[in-house]
Each structure stands twice: as C-alpha cells, then as structure tokens.
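I have placed the structure first, in the form of structure tokens, so that the comments after it can refer back to it.
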Amino acid sequence: MKRIPMMMQLAFILFCIMAVPMAILTWYSSSQILQNSEHAFAETSLAELNANRELNENALSNLSQNTVRLGGTDIFDRIRPFKSLAELKTNYMNVSKAMAVLKELLNLNQSVDGVYSSFFYLDDANYVISTDKGITSLDKYEPIDWLNEALMEQKGIRGVWYPRKLDSGVNVLSFALPLNRLSTATRGTIVVNLKESQIQQYLQSTKSGKQGYFLMKSSGTIISHHDKNLLLKNAYEEPFIHDIAQEALPEGYMFRELNGERLLYAWSRTKEFGWTNVSIYSVDDLMNKPHNLQRSIIFLTIVIIFAGSILTVFIATWLSKPVRELVRTVRGRVNPGVRNKNEFVFLEAAFRRMQEEEEGLYQLLSIREQDAQSHAIHRLLRGEVTSQAEEIFPDLHFLVAVVSIDGYRNYISRNNPETRSYHRYLLISKCAHLFDKGVQARCVYHGDGHFAILINYGQDEDDNHRIGIHAALEKMKDDAAELLEHSVTIGVSRPADSIRLVSDRLAEALEAIKQRMIAGSGGITYWKEEEGRDKKYIYPSNSERRILNFLDQGNLDSIIEELRIIRVEIRSADYVSYDNILFIYHQLVGVTIKHLRENNVSTARIFSRRGNIYAALASFDTLDELEEYLIGFYSEIVHYLTRSPGGTHKYAERIIHYLNEHYREEVVFEEMAKEIGISYSYMRKIVYEQTGKSLSDYLNLLRIEKAKELLLDSNLSIAQIASEVGYMNVRSFNRLFRKFEGMPPSSYKLHRSKTSWPG
C-alpha cells in the first residue's frame, strides 16, 4: 500500500466508506429488522411491564413498610385506655395524644405519592382517628365492616391489600395492618388508602400501540383497569384473561386475534402479592415503524451508493491535487529521509519531524504567556492598570467574584501542599469554560483559600446576562465543592464600567464573603450597601451576666442555651457587621477569662491545649462554628471547675436524695439535672463515679430494692407493687427484676417465704 499512488488509494477508500457500509446496512436491515420483530416487541413490552410492576410494588412495599414501622412504635399505646370518644375528649392531654397519632398518620400519607387517606381504629372503640375527618365517631365515618373480609386474607402478621370503593366514589387500594401482639399490647388496625389512579400512573405505558392494562388478584378481582367501570369486577370475563390465568409461567406473552385485530397480551405475576399484571398492545400499530424504517433505509442506501460511485473519482482527484503539489514543494525544502514511497508516507515523515521541533517551542511560549497574563491580572487587582491587562480585558464592563474555601484551616489540615497546588490548577483551568460566549473570565489564586475571578463583558447588564453569569458562578461553586470535597462561598461585587475600579470591586467581593458569618457557608452573596451600616455596635450584656452566673453554678446546659440566644439575636438584627460579631465573641471570651482569674482559677491549666483563642475565633466563617467553639470553651471550664475537691461529693448527695424522693415518678433526667443545677452529661458522670452504674441502672436498682421490701412486707399484687415503685406496666417490672435478681418477682417472693419458715 505504501507504493500505490495516493489518488488510487483515495478512490478506493472513498468507495469503501460510501458503498460498502450502505450495502451491509441494507442487507442487515432487510434480514434482521423484520425477523422476529413481533417477539422483539413482545420482549420489550414484557420488560416495560415488569419495570412498571416493580415500580408499583416498590411503592406499595414502601408504604406497607412505613405502616409496619409506625405500628411498631408506642404511639398508639397512648390512646389504648380510651374506648369512647367522650372519654378521649375529657381533657386536653387526651386529645393531644390522639392528635399525636393523627400527626403520625399524616406523615405516613406523605411518605408515598397518591395516598388518599389513612385512619386508625382501636378495637372495641366507638371512634376512629383519620386524616380526612380527624378524630370522629365511628357512626359518622365510612363503614369499616369490610375489614373483617379483608383480614381473612392475612397471612402471619403482615398486613393485607384490599381493593374497594369509598363512599366518596374514589377507588382505592387499602392496606390494613392489625397491630402486632409481639410488639405492643394495643389492639387496633391501621388502614392506608392508596388511590387507584396512582397505581394507573405506575402501570400505564407511553409505548405506541398499547390498548389497555389489567391488575388483578389471584381470585380474578380487578384492582386497576383503564376502564374504571370494570374495577372490582371479575377479570376472567374479559377475552383471553382466563388463558393467562392457566399459564404456569410467572411471566410471558401471547398473540391473539380479536375482531380482526392482532393483539399482544403480556403478563407478569408477583409472588409477594399474588397479583397478575397484564398489558395489551396492537401488533399492527407496533409494526408500522419497522416497515417504514425498512423502506426508508433501502431508498437511502440506493441514493447514497449511486451518488457515491459517481463522486468517488472526482473527489479523489480533487483531494489529491493539493497534496501532490504540497509534496513537490516540501520535497525541495525538507529531507525526511523517505524515498520511493507514496505521498502519504512522505508527508507523514516530514510533518512528524516539523512537529517535534515545534512542540518544544510552543510549550515555552505558552508557559511564558500564561505567566505574563497572571502577573498582569494580579497587578490589576492591586490597582495597577497595565497595557497587557487592557489587552486581556478589552470590554467596558467588569465584575469581580471571589471564591473562598469554607473552613480553610480544616481544608489545609486534610490536604498536603502538593494536593492544594493541584486543586488550584484545576479550579483556575475550569473557570474560563463556564461562562457564556461574549463573557471573558480569568481566575487567579489570591491567597488564604481565595480565588479571584475577573469577569469582563461588553454589553450592559440585563436580566439574561445577569442570569448567565449567576449560572456560571453556581456551576463554579458546585464544581469546586466536588473537587475540594469542601464547600465554598462566592462573593460578587457590583458591576464596574472602568478597568480602574477593579481593585475597589475586589474589596467589595471580599466584604461580601464575610456575610457567610450570618447567612451560612456554601452560597453566593452579592455586595450591596446596607442601610444600617451607621448603627452602633450591639452587645448582649444580659446574656453575659447570665453566662457568668451559670458558670459559677456549673450549669453547662443553660450556658449553651444563652449562646443559642446570642446567635438568634445576632441573626434577627436589622444589620450587624462582621467586626461587631467578632467583637461580641471576643468580649465574651475576655470577660470569662477575667472572671476566672478574679476567682483565682488557673486559666493556663484549662486552656493549655487551645493555643491562641482569639486567633481561632477570627478563623471561623459562620456563627454556627463560633457557637460550637464557645460551647467547647465553656465545657472545658465547667468540667475543670466541677472536678475540684468537694464539688462532686456535694452534687452526688443531691442526686441521690432527689432519686430517693422521686423514684415512684417518671423521672426525666434532663429536667432533674436542671433542678439540681448541673448539666445532664456531668450528672451522669458523677453517678457513674460514685456508684459504678449508669443513671438508669441506679434508678432501676433503687426501685427493685423498694419492690423487694413490698414483696416481703405487704400483701400487694405484683401489678400494684410495679405501679407503687414507678413502673407503668408489669412486663417492664418483671424484665428489670429478673435482670437485677436473676428471677421474676413471684419466684423471689416464694423463695424468701420458704427460707423464712422454721426448719
């Protein structure tokens, strides 16, 4: 081939490119497109049916699982004592318990699309709690007699799906779940009504030629159908459905003819529900497109081969002429060392030699140009306008955006210098390709995790232009977050109509970045003149006094609450500057350290591992980060103070006294800690250090000891003793008694009675 003239090679190549593929395509189309086309459509229809069936079943399974999870909670135990609506409405607490059940039912409705309503019926009660009518008496709600028939189909403890029509005329598929006796003592049934129209959305197809669909139970009852008049009727009365029911395979398809039309029936059964999904298609409609496609391909192939054959020689001659002339010219100037070869081989060798010589020069020029442009941009950002900068940015209008890495100290700690340098290179490279045509953008690294983007455009800023720039910045933000695995915040300046204002706009963009202190990180902030900039500084003096008082009490939870109040107060202010925010937290730290030193507390021991606290505060980006740091700051102080001699013993006595006084009640440990005046976590630590047990174990052990006394010294029943020592049910009492004594209460009483008899 290397010795065959170039013109002959081109003619042969062009002919092969045009004629051979077209001939092969025509042969393949005529032999394969129609071959087994009906079965090919049947397979795709069956695949679509299975996909729609799985989509429907997943939705039903999700709804049933959500219902089962709700049934496994103790939410329904709260209304178990109330068998009548009048009893339920006796006081606000009873109604609030029922409203909690209603809230959970509403959340269940929102977990899956298409839920019409849901309700809970407590066995033997005269009311229901429903999402459509609220808490209502049973005689004012729709009849629920159908539940008995539906639950006859229940297998095990799982719920059951039952198709029906509501009194309102809406067709639904109801999921009825009796509460599990293994998880709760409450007897009742949860019912969720899924609209049949939602099932239709899952099962309907956009495939051309579809005539209809069925969803039926194993008994033949139609659950969903495109003809709503057939819902809840027997599907076996429809043509060929009985044939499908007799098929042993779980899925398949068959072709049948009805009223002179050839139809495709595809079916799929599910093991979990025992339902059968059927889709019906018109085969004639499905085959229209293949026939039209075959005729189009044959016609197009004939035209291309005929035209290609005529043009091949002319194109080969025309294409080869300039190449032959080029070869003659190059041969006299470049000697690539190739002889007795055709034009292609000669040019390949010549161009390879020239390319090798030019690549080195191009790389040097490219690096030089990039460095010069970056230097000019840095000078422009400092306010020095050079001729090169004016060449780079020839248009009139400018914007400056600054991309700032959130939590830059964390980012530095997670990435070595080489990785950070590589990240900078990738981000700068991405910038120029994100903006629309007509917008020129250059990005440079500005130090301390900041990237400055200089945006230059010629037209005035209209809505479309502003939207395009904002979309590019959004994309830059998302790409940067993905690359760095760290969120970024972008600050954008006002537009400028002169290149000499770029440095001022950079300052505005950096100022806009500081707004993340209140707004939070990971967003795009545009600089604007705030009306309240001339207002005085704010400072929460009352919170400062309360924090110092709580510090003396060792009440960490109240200090945390005061810090939250300060954060809320800052965010609710009309305007508060970044400097004002830092002043507030610097002042809190300073006042606290001064207070500790006035009380002869060694702050060096407390903060020996924290380094420069004020520098750490200045490095945070958001209020949430500042608040988190202050929480750790005060936690260290409280834990240090409470470890002092005598402090722990004093609180231990108060804790034990409190439990001895209130063990019969439902003790909320968080409220108990507030009443004692210490944090909940510190209270747990004191109890463990003094007793070697957790709070809950110590309380239960105290209750069991009291119960043992009552078992031996009184005639109270087990249930009465359980209630007397603070347990809501006997089952919990028995379980905990066995845990601490190794036997149930009845066996303990019998054993101690025998050992006390005279021998």
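Counting begins at 1 with the first residue of the sequence.
- Counting heavy-atom neighbours within 6.0 Å of Glu482 CD, excluding the residue itself, gives a total of 12 or less.
- Side-chain contact between Leu179 and Phe120: present, with at least one pair of heavy atoms (C-beta onward) separated by less than 4.5 Å.
- With salt bridges taken as basic N to acidic carboxylate O contacts below 4.0 Å, none links Arg80 and Asp74.
- The neighbour count for Glu628 CD, taken as heavy atoms of other residues, nucleotides or ligands under 6.0 Å away, does not exceed 12.
- Side-chain contact between Asn126 and Ser137: absent, with no pair of heavy atoms (C-beta onward) separated by less than 4.5 Å.
- For Trp267 and Tyr253, the ring centers are positioned 6.0 Å apart or more.
- Looking at heavy atoms from C-beta onward, Thr221 lies out of side-chain contact with Lys233 at the 4.5 angstrom threshold.
- The pair Lys217-Glu153 meets the salt-bridge criterion, with a side-chain N (NZ, NE, NH1 or NH2) lying under 4.0 Å from an Asp/Glu carboxylate O.
- When the shell of 6.0 Å around NZ of Lys165 is examined, it contains 12 or fewer heavy atoms from other residues, nucleotides or ligands.
- Checked for salt-bridge contact, Arg53 and Glu57 meet the test: a charged N lies under 4.0 Å from a carboxylate O.
- No side-chain heavy atom of Gln200 sits under 4.5 Å from any side-chain heavy atom of Leu215.
- Scanning for ring-ring contact (aromatic ring centres under 6.0 Å, His included) contacts around Phe82 gives an empty result, with sequence neighbours left out.
- When every heavy atom of Glu251 is checked against every heavy atom of Asn50, the shortest pair comes out as OE1-ND2, 3.0 Å.
- Annotation: side chain of Tyr727 is in contact with side chain of Leu736 (closest heavy-atom distance under 4.5 Å).
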Practice task
Please step through salt bridge (Lys or Arg N to Asp or Glu O under 4.0 Å) for the pair Asp624 and Arg571, ending with a clear verdict.
Solution key: CA-CA 11 Å; Asp624 294 331; Arg571 282 193 169 141; 3.7 Å; yes

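- Atom CE of Met254 has more than 12 neighbouring heavy atoms from other residues, nucleotides or ligands inside a 6.0 Å radius.
- Using a 4.5 Å heavy-atom cutoff, the side chains of Ser279 and Tyr281 are in contact.
- Contact check for Lys83 versus Tyr127: no side-chain heavy atoms found under the 4.5 Å cut-off.
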Side-chain polar contacts of residues 167-177 - donor-acceptor pairs under 3.5 angstrom, sequence neighbours left out - could you list them?
unit_1	atom_1	unit_2	atom_2	d
Ser168	OG	Tyr116	OH	3.4
Ser174	OG	Arg164	NE	2.7
Ser174	OG	Asn193	OD1	2.5

